[in-house]
Amino acid sequence: MAAELRELRHSGSIGNRASSSPRKQRDEDQSPLIADNQLGNDDDDGHVRHSRDRPFWSHLQSMFRCSFDDSRVSLCSSKISLLLIFIVVVTALVSIFSLVHRLNAPYLCRKDGIVLHCPWVKEPPSLWENPYPATTSWKPCAERHNVGISDLPPENETSGYIFIHAEGGLNQQRISICNAVAVAKIMNATLILPVLKQDQIWKDQTKFEDIFDVDYFIDYLMDDVRIVRDIPDWFSDRSELFTSIRRTVKNIPKYASAQFYIDNVLPRIKEKKIMALKPFVDRLGYDNVPPEINRLRCRVNYHALKFLPEIEQMADQLASRMRNRTGSSNPYMALHLRFEKGMVGLSFCDFVGTREEKAKMAEYRKKEWPRRYKNGSHLWQLALQKRKEGRCPLEPGEVAVILRAMGYPKETQIYVASGQVYGGQNRMAPLRNMFPNLVTKEELASKEELDGFRKHVTSLAALDFLVCLKSDVFVMTHGGNFAKLIIGFRRYMGHKRKSIKPDKGLMAKSFGDPYMGWASFIEDVGITHQTRTGLPEETFPNYDLWENPLTPCMCRA
């Protein structure tokens, strides 16, 4: 399979390869590029039989052997009539069978040994949708409370005020905001509208109101948590927040329990009346907080945090253009391709490339992560181990092979959400060759349409988020907040459409097997990913609430 992948990187197509594996010869199965009619038919003695239908034609010939003397004209006429009726019936049956086959056959056809796309063929629904019974077992149940009288105390009677900076990119900020609401509820505190603080990578000055609908956010949660837009007027020295040790709660452990906040943070809030919490993104656990707090986090994530109308409208236009790029309605796939230079470097995995490329990456890693790099001597073994464990990002060419093995045709419409791919067009070539209908938002929208969103990096990220969310199939290639939030959203909101999370460990093993044939690879991919299509899964200790919100955020239908 590794040799096949290398060939794909140069040609973008899968060649015919004979398997010489010493293992059981199941890999001699037919390649998708070999025509069915090129295979001979063996008889019981192992000889090729080229005229299996000869007895049938012999029978027809015998029907024509009529002696046209007077005594047999009637019998001969009857035979000819029966023959004509037989031919008409057979022709009708063949026509019906051909029509049904064209409507239901797989999307590939063959001509002269070459795989072609048959435009008349309907693709199997299983490519784009999960089985209907599996999508009706669970429903979302973290929606807003029933309208009633709020039991929240007035603002001046809460425990105090908490203030956070939601750091990182858009999706990390989203998690921070959800956790901030939950922590405020735990301590019965008033939450000051979070500030979106961009780190040095993003270099953006987006405010909460530049990306989210503030009024909707506050109104939706009015029965859960007291939220105010700004620091209260009585607090005169606003610059003191996040600069004064006396006003900042630091060193909150990762995945802290609800009890930690009650024991260690609440007393300081009661004393100082207003405190900043830093850092914050993952400072609340999943399985060590009350179920109603987890349900509240889902209510914030899936219901209260709503993008501005102009962002929603632009995302709707992009999704509509994806479905109508060919002039008729088609499903589309969204691919979150995590293969930026920073991700490749941070992964400390080894990837195919030239010596010069590998040397430059080594220098980059040494500069950015000197403690992990050390002298580089241990990295090769580390890279092999990480790949076996499925902790390496998938390359664009590897993604292409997996998708073709799953059955997605060359004509599949693919929306790519990613940064600048490491290796540029050369690295993207195998994916583009196998799936030429591959576009980004910059190719779907005009420069003028996107100019209004360019002043805020998070606005562009929000467009990618929504177009991926609306896609018929979502495919991730590596972990991260973006992918897990998309998969969690799609699970929560219906899980009818597929969200594919490739088994990178198994794929690495298959790609590294020189004896694995294409048919065996297809079989392995199909079996492995039957249960990796985004259906809700039973939770377990320390599960990730954002990727799998089954309990307590979803209920039996």
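The structure presented is a predicted model; accordingly, all values stated were derived computationally and were not measured.
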field: Test of ring centre spacing under 6.0 Å for Trp546 and Tyr302
entry: no
message: Quick check against the 3.5 Å criterion: does Glu340 have a side-chain atom that pairs as donor or acceptor with the backbone of Gly419?
response: yes
Backbone N/O of Ile211 and side chain of Ser459: donor-acceptor pair under 3.5 Å: no
message: Would the distance check show the side chain of Lys496 and the main-chain N or O of Thr136 forming a donor-acceptor pair, the cut-off being under 3.5 Å?
response: no
- prompt: For Arg432 and Gln425, what are the C-alpha separation, side-chain angles and deciding distance, and is it a side chain to side chain contact (heavy atoms under 4.5 Å, CB included)?
  reply: CA-CA 9 Å; Arg432 282 196 177 275; Gln425 293 303 317; 3.8 Å; yes
- request: Kindly state whether the ring of Phe435 and the ring of Tyr408 have centres lying under 6.0 angstrom apart.
  value: no
- request: With sequence neighbours excluded, give me every disulfide bond (SG atoms under 2.5 Å apart) pair touching residues 408-477.
  value: none
- request: Kindly indicate whether a cation-pi arrangement holds for Arg391 with Phe348, taking the cut-offs as under 6.0 Å to the six-membered ring centre and within 45° of the axis.
  value: no
query: Can you name the nearest heavy-atom pair linking Val475 to Pro502, along with the distance?
result: CG1-CG, 4.5 Å
message: Nearest 0.5 angstrom please: Leu545 CG to Asn301 CG, how far?
response: 8.0 Å
field: Closest contact, heavy atoms only, Ile177 versus Ala166
entry: CG1-CB, 4.4 Å
query: Which heavy atom of Lys410 sits nearest a heavy atom of Asn433, and at what distance?
result: CE-O, 3.7 Å
query: Could you give all pairs that pass the disulfide bond (SG atoms under 2.5 Å apart) test and reach residues 409-463, with sequence neighbours left out?
result: none
- request: With side chain to side chain contact (heavy atoms under 4.5 Å, CB included) as the test, would you mind laying out the steps for Tyr261 and Ile252 before giving the verdict?
  value: CA-CA 9 Å; Tyr261 284 93; Ile252 299 174; 3.4 Å; yes
Listed partners of His303 passing side chain to side chain contact (heavy atoms under 4.5 Å, CB included), at least two apart: Glu143, Tyr220, Tyr492
- request: Evaluate the side-chain proximity of Val300 to Val225: yes if any heavy-atom separation is below 4.5 Å, no if none is.
  value: no
- prompt: Under 3.5 Å, side chain of Thr248 to main-chain N/O of Ala276, donor-acceptor pair present?
  reply: no
query: Do Lys278 and Phe163 touch side chain to side chain, with heavy atoms closer than 4.5 Å?
result: no
field: Pair Glu357 + Arg427: basic N to acidic O under 4.0 Å
entry: yes
task: Hey, could you give me the CZ/OH distance between Arg365 and Tyr373, rounded to the nearest 0.5 Å?
output: 8.5 Å
Closest heavy-atom pair and its distance - Leu127, Gly407: CD1-O, 3.6 Å
message: Just so I know, are the side chains of Val467 and Tyr332 near enough to count as touching, which here means a heavy-atom distance under 4.5 Å?
response: yes
task: Answer yes or no: is there a donor N or O on one side and an acceptor on the other, between the side chain of Arg497 and the main chain of Lys470, under 3.5 Å?
output: yes
query: What orientation do Phe208 and Phe212 show, parallel under 30°, tilted 30 to 60°, or perpendicular over 60°?
result: tilted
- request: Taking only Lys NZ, Arg NE, NH1 and NH2, and the carboxylate oxygens of Asp or Glu, determine whether Asp464 and Lys441 approach each other closer than 4.0 Å.
  value: yes
query: Has the side chain of Glu389 got a donor or acceptor atom that lies under 3.5 Å from a matching backbone atom of Gly505?
result: no
query: Tell me, do Phe339 and Ser418 make a side-chain contact under 4.5 Å, heavy atoms counted?
result: no
- prompt: Distance from Leu550 atom CG to Cys555 atom SG, nearest 0.5 Å?
  reply: 9.5 Å
message: Restricting to non-hydrogen atoms, name the atom on Phe465 and the atom on Ile486 that form the minimum distance, rounded to 0.1 Å.
response: O-CD1, 3.3 Å
No-hydrogen, no-angle side-chain donor-acceptor test under 3.5 Å, His478 and Lys504: yes
- prompt: Is there side-chain contact between Val281 and Glu167, with at least one heavy-atom pair below 4.5 Å?
  reply: no
message: Any carboxylate oxygen within less than 4.0 angstrom of a Lys/Arg side-chain nitrogen, looking at Lys455 and Asp210?
response: no
- prompt: Does a sphere of radius 6.0 Å around CD in Glu442 hold more than 12 heavy atoms from other residues, nucleotides or ligands, not counting ones at 6.0 Å or beyond?
  reply: yes
message: Is it the case that the side chain of Arg532 and the backbone of Lys501 share a donor-acceptor pair, with hydrogens and angles ignored and the cut-off at 3.5 Å?
response: yes
message: Would you say Arg174 and Asn171 are linked by a side-chain donor-acceptor pair, where the criterion is simply a distance under 3.5 Å?
response: no
field: Closest non-hydrogen atom pair between Pro290 and Ala258, with its separation
entry: CD-CB, 3.8 Å
message: Are there over 12 heavy-atom neighbours, none belonging to Asn251, within less than 6.0 Å of that residue's CG?
response: no
- prompt: Between Asp350 and Lys386, does at least one N-O distance fall below 4.0 Å, as a salt bridge requires?
  reply: no
- request: Quick one: which residue pairs count as a disulfide bond (SG atoms under 2.5 Å apart) with a foot in residues 294-348, not counting sequence neighbours?
  value: Cys298-Cys553
- prompt: Does any N or O in the side chain of Asp282 come within less than 3.5 Å of the main-chain N or O of Lys254, such that one atom is a donor and the other an acceptor?
  reply: no
task: Verify side chain to side chain contact (heavy atoms under 4.5 Å, CB included) between Asp451 and Arg454, making sure each step is shown before the conclusion.
output: CA-CA 5 Å; Asp451 279 345; Arg454 295 187 193 280; 3.2 Å; yes
- request: Tell me, please, which residues at least two apart from Glu449 pass salt bridge (charged side-chain N to carboxylate O under 4.0 Å, His left out).
  value: Arg321
query: Can you tell me if Asn130 uses its side chain to pair, donor with acceptor, with the backbone of Thr533 under 3.5 Å?
result: yes
- prompt: So does Glu356 pair up with Lys360, basic N to acidic O under 4.0 Å?
  reply: yes
task: Verify, without hydrogens or angle tests, whether Arg491 (side chain) and Pro549 (backbone) share a donor-acceptor contact under 3.5 angstrom.
output: no
message: Once rounded to the nearest 0.5 Å, what's the spacing between atom OH of Tyr422 and atom OH of Tyr364?
response: 10.0 Å
message: Do Val183 and Leu277 make a side-chain contact, defined as non-hydrogen atoms from C-beta onward lying under 4.5 Å apart?
response: yes
field: Leu308 side, atom CG; Met314 side, atom CE - distance, nearest 0.5 Å
entry: 15.0 Å
message: Less than 4.5 Å apart, side chain to side chain, heavy atoms only: is that true for Arg297 and Leu284?
response: yes
Rounded distance [0.5 Å steps], CD in Glu547 versus CG in Leu485: 9.5 Å
- request: List the steps, then state whether side chain to side chain contact (heavy atoms under 4.5 Å, CB included) holds for Leu463 with Leu450.
  value: CA-CA 10 Å; Leu463 291 178; Leu450 293 180; 4.0 Å; yes
statement: Those residues at least two apart in sequence (or on a different chain) that pass side chain to side chain contact (heavy atoms under 4.5 Å, CB included) with Pro253 are Ala256, Phe260
- prompt: Do Met333 and Ile500 come within less than 4.5 Å of each other through their side chains, counting heavy atoms only?
  reply: no
